[in-house]
Each structure stands twice: as structure tokens, then as C-alpha cells.
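Treat the numbers as computed from the prediction; the structure is a model and nothing was measured. Chain identifiers are assigned alphabetically (A, B, ...) following the order of the sequence lines, protein sequences preceding nucleic acid strands; residue numbering begins at 1 within each chain.
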2 protein chains.
Amino acid sequence: MNAELVIFFKALADANRLKMVGLLAQRDYSVEELAALLNLRPPTISHHLSKLAEAGLVSARAEGYYSIYQLNKAALETTARGLFSNEQMNSTTEDVDLDAYDRKVLADFSLPDGRLSGIPSQRRKLEVILHHVVKSFKPGVIYSEKQVNQALARFHADTATLRRELVGYGLMKRETGGRAYWIERVPG
Amino acid sequence: MNAELVIFFKALADANRLKMVGLLAQRDYSVEELAALLNLRPPTISHHLSKLAEAGLVSARAEGYYSIYQLNKAALETTARGLFSNEQMNSTTEDVDLDAYDRKVLADFSLPDGRLSGIPSQRRKLEVILHHVVKSFKPGVIYSEKQVNQALARFHADTATLRRELVGYGLMKRETGGRAYWIERVPG
DNA sequence: AATTTAATTAGATGTTTATCTAAATAAATT
DNA sequence: AATTTATTTAGATAAACATCTAATTAAATT
């Protein structure tokens, strides 16, 4: 989950909290002092500090009835260093369903009976559709043009276009003479 | 000003925008694709992308009626590198009035005529008051205890406490015998 | 030329958030 | 023990924001 990351960025996504971090980078401060320096009431400072603390950026120690806050420089540097690492980047997309777009395109072009309502003209969408229809063919098997058309006709009447695009996008191979068709790899 | 920094952090302070950055780190995407992947409507994606663009994190190129967005990796790395540098830290506190706390303490303990309403018991506040009253003395001049008391009496009746604390905090020097008092440096 | 498609802008809505005052808590000074 | 002082919590309010639908713009396909 990237919840922690969001908390981190949210904590710093405020002008007054950034000022606090800048001040605490110099020395420790009490709530009262920060309130005076930023011209805010103490409860507001408390609120901001709790957000910074939630992100692990600051911590407090009690001194009498003062709460003295300090910047967690170590934590800050550690976090900052890995912020835009590949690991971090990948973690943000962990719970993204990468097939959602393909499913949507397929749904948009599919009729209830599974046939295609049309053949998309946009490259990206056409690819999605082609990857779908190519699943009808078994890798390694040699098909005649007639057999190919028969299979494609289950999706759309314009079998010629589908067949041509399949070959054009490299999803289906064709013997130079045009007699034999086959696919090479197991589709995802 | 730290306005740019705030814009940067605000841009990343949202789970969906972080996901978008993560996706765009892999390859370019159109608005439509991002909308499908994140299960949001295209206008929402447009809104998010405009925030990311405002922060300089992404840019768009037109391809037909598509807007293909890409991550500005160079800008991202440059910004990320300097995020918590000393320069950046200091810049956030540029427009903070560092004397505001001292002024507040002084105001809290000052009567309309300039005398003190009391002597604070808190270290930090006492220091502020002492730094204020010590301005009555000229560096280099030798004062008798009587002269010191006279000057301090203009602030508060308890001259003994003020005198003792001034010496205790090192703001005023005293000859071992207790006869001569002076200050060494020009106070701020 | 008419239609379709993708993106953006405008406007509406519900949620989050920054800030304040007032009340509650807790520790120190008198 | 009573009072003062600093912080935090609770509750209120206004501004900011994420999201949606509807309308507009602009480009491609038919």
C-alpha cells in the first residue's frame, strides 16, 4: 500500500508545516514558540505537529508542561532518499489493475453474445481486440485461410480486415504464398 | 518563497496521483487509459494531471485527439535530489519573523508604561526579558551595585532578582567582591 | 459534411482540512 | 491547596479539494 507515502506527502503539503520543518531543522521548539513565530494559535500548531508526527517527521519530549518538538532528521533523510526509487514507484501501482483498460475496451466493443459491435480504428483499441480474437487459435497449428475466416466470423463479418490486422500486428504469421496461417506464442 | 515546494508536495499528496506517477514511470498513457486503470472519469484524470503538470512532474503531447502524458523524469530527479537540502530548508523559513516570540513574551510581561508586570519563571521567557533589560547598560562602563539597582528599578521593584539572574545567565559580569558590574558585548 | 471520439472546461456536491474558540488535562509555581 | 501556564481535545466554520455529470472544443473517421 502507498498509504504511508500519501501521509508523508500530505504532511509536507502545507506552507505552515513546511515552515515548521524548516524551523525545527535549526533547533527544537515548543508549541508556544512555533505559535508565536507563525502567528497561529497553539491548537493549530498542535494539529500540524500531529500530522508531522504521524508521518514520522517529528517527535516530542515532555519538559515540565512544555512539549518540546524535534525534527527526526534520520527518518527524514532515510525516507527522502528512497522517495522516488524504483521500489517506491512500483509500490504505488501495486493495487492498480493493469488489465482494466483492456477489459473496458473489450466490453465497449462486445455484444451480449460475444460478437464484436465493430472494429476499432484506434491503434491501441484495435490491439486489444486483436489480442482477444487471436485466442481462438492454437499455437503451432496450421490453418488454411478458409479456417481462419471461419474462426474470425464468430466475432465479426469483416473477416478480411480482422485477418489482415492480425498479420499486420504480428499476432498471426502467414506463409508467403498466403495459403498457411499460424500463431507462434501462447497469448497471455 | 516556498510556494513551489508546496505545489510539488500537494501534487503528490493524493493516492490516485501517486498511482498515476507510478504508471507514467513505466510508460506514457492517455487520459482515457488512466481513467480506466484508476476507475475514475476522464475529467477527474484531467484535473489530477493538471496538478501534476503545474508541479512540473508531467507534460502532454497531442497525438490526434489523444493527449499522451509522460513523466518528466529529469525534473523529478532534480527536484527530488534537492528536496531536503540545507538551501531548501532555509528557504522555507525565509519569511518567518524569528523575533516574533521574543516580542510576544515582552508584550505579555510589559505594562503600558514600559515596566514589567512580573518576572517570568520559565527559563526561555526569563531570557527574553533579561535580554531586554540588559539593553539599559552600556558595554564597557563600570556600574556600582547601586547604579545597577537604579537602572533595574525602572523595570521592576525586585531589582535583586533581576540583578542576580542577569549575572546568572551571563548577560552581566560582576567583580568577585560584588562591587563592580559591567557588560561585555553589545547586545543584539 | 456529418458523425464519432477524446479531452477539457464549467458547474455542482460531498468530503477533507486549516483554523479558531472553548473546554479539559496536566504540570509547575505561589 | 489554589493558581498559573502549556498543551491537547472537542466542536464549529469556512476554504480547499476530489469527484461527478453536462457542455464545449477539437480532431479523426465515415
Side-chain angles (χ1 to χ4, degrees), chain A residues 6-7 9-20 28-36 38-55 58-69 101 104-105 108-109 117-126 158 161, chain B residues 6-7 9-20 28-36 38-55 58-69 101 104-105 108-109 117-126 158 161:
Chain A
V6 176
I7 288 173
F9 282 120
K10 267 197 207 296
L12 295 169
D14 177 272
N16 283 321
R17 285 198 291 269
L18 275 183
K19 287 180 191 173
M20 291 196 218
D28 300 351
Y29 279 99
S30 68
V31 174
E32 187 183 39
E33 286 175 297
L34 291 172
L38 299 183
N39 194 27
L40 293 170
R41 298 321 116 209
T44 305
I45 299 293
S46 263
H47 165 251
H48 285 314
L49 285 168
S50 83
K51 295 228 158 190
L52 291 173
E54 195 190 356
V58 305
S59 49
R61 64 174 189 276
E63 279 191 15
Y65 39 55
Y66 288 88
S67 289
I68 307 292
Y69 280 85
Y101 178 71
K104 181 180 188 307
V105 170
D108 288 349
F109 280 87
S117 60
I119 300 176
S121 48
Q122 288 77 15
R123 272 197 309 285
R124 189 73 185 78
K125 295 187 176 179
L126 180 54
D158 187 356
T161 296
Chain B
V6 176
I7 288 173
F9 282 120
K10 267 196 207 296
L12 295 169
D14 177 271
N16 282 322
R17 284 199 292 269
L18 275 183
K19 287 181 190 172
M20 291 196 220
D28 300 350
Y29 279 98
S30 67
V31 173
E32 186 183 39
E33 285 174 298
L34 291 172
L38 300 183
N39 195 27
L40 294 170
R41 295 324 115 209
T44 305
I45 299 292
S46 266
H47 166 251
H48 285 315
L49 285 168
S50 83
K51 296 227 158 191
L52 291 172
E54 195 190 354
V58 305
S59 49
R61 64 173 189 277
E63 279 191 15
Y65 39 55
Y66 289 89
S67 290
I68 307 293
Y69 280 84
Y101 178 70
K104 182 180 188 310
V105 171
D108 287 351
F109 280 87
S117 60
I119 301 177
S121 49
Q122 288 78 16
R123 273 197 310 286
R124 189 71 186 80
K125 295 187 176 180
L126 179 54
D158 187 354
T161 297

Which two nucleotides bound the region of DNA chain C that has atoms under 4.0 Å from heavy atoms of chain A, read 5' to 3'? C:dT5 to C:dA28

Regarding B:Glu54 and B:Lys10, does a basic nitrogen lie under 4.0 Å from an acidic carboxylate oxygen? no

Residue met sooner reading DNA chain D from 5', once A:Ile119 and A:Ile45 are mapped to nucleotides: A:Ile45

Listed nucleotide nearest any side-chain atom of B:Lys125, set D:dA6, D:dT19, D:dA10: D:dA6

Length of the CZ-P vector between B:Phe9 and D:dC17, whole Å: 16 Å

For the residue pair B:Arg124 and A:Glu33, establish whether any side-chain heavy-atom pair is separated by less than 4.5 Å. yes

Does a nitrogen or oxygen in the side chain of A:Tyr69 sit under 4.0 Å from OP1 or OP2 of D:dT8? yes

Nearest heavy atom decides the nucleotide; on that basis, is B:Tyr66 or A:Arg41 closer to the 5' end of DNA chain C? B:Tyr66

Can you check the B:Asn39 CG to D:dA18 P distance for me, whole Å? 17 Å

Once you apply a heavy-atom cut-off of 4.0 Å, does A:His47 come out as touching a base, just sugar-phosphate, or nothing? base

Go through the steps for A:Tyr29 and A:Tyr69 under the test side chain to side chain contact (heavy atoms under 4.5 Å, CB included), then give the verdict. CA-CA 6 Å; A:Tyr29 279 99; A:Tyr69 280 85; 5.9 Å; no

For B:Lys10 and D:dA15, what is the distance between atoms NZ and P respectively, to the nearest whole Å? 15 Å

Criterion salt bridge (Lys or Arg N to Asp or Glu O under 4.0 Å) on A:Asp28 and A:Arg61, from CA distance to verdict: CA-CA 10 Å; A:Asp28 300 351; A:Arg61 64 174 189 276; 2.9 Å; yes

Go through B:His48 and B:Lys19 one step at a time and tell me if the side chain to side chain contact (heavy atoms under 4.5 Å, CB included) criterion holds. CA-CA 11 Å; B:His48 285 315; B:Lys19 287 181 190 172; over 6 Å; no

Could you tell me how far apart B:Gln122 (CD) and D:dT7 (P) are, to the nearest whole angstrom? 10 Å

Of all heavy-atom pairs between B:Ile45 and B:Leu38, which one has the smallest distance, and what is that distance? CD1-CD1, 4.1 Å

Tell me what A:Arg124 touches on the nucleic acid: a base, only sugar-phosphate, or nothing, going by heavy atoms under 4.0 Å. nothing

Counting only side-chain nitrogens and oxygens, does B:Thr44 get under 4.0 Å of the OP1 or OP2 atom of D:dC20? yes

State, yes or no, whether a side-chain contact exists between A:Leu12 and B:Leu12 at a heavy-atom distance under 4.5 Å. no

Take the protein atom CZ of B:Arg17 and the nucleotide atom C1' of D:dA18, then report the distance between them rounded to whole Å. 8 Å

In whole angstrom, give the distance that lies between atom CG of B:Leu40 and atom P of D:dT19. 5 Å

Closest nucleotide among D:dT7, D:dA27, D:dT5 to the A:Tyr65 side chain: D:dT5

Closest-nucleotide mapping onto DNA chain D: is B:His48 or A:Glu33 further toward the 5' terminus? I mean the 5' end. A:Glu33

Using a 4.0 Å heavy-atom cut-off, does A:Ser50 contact any base of the nucleic acid, only the sugar-phosphate backbone, or nothing at all? nothing

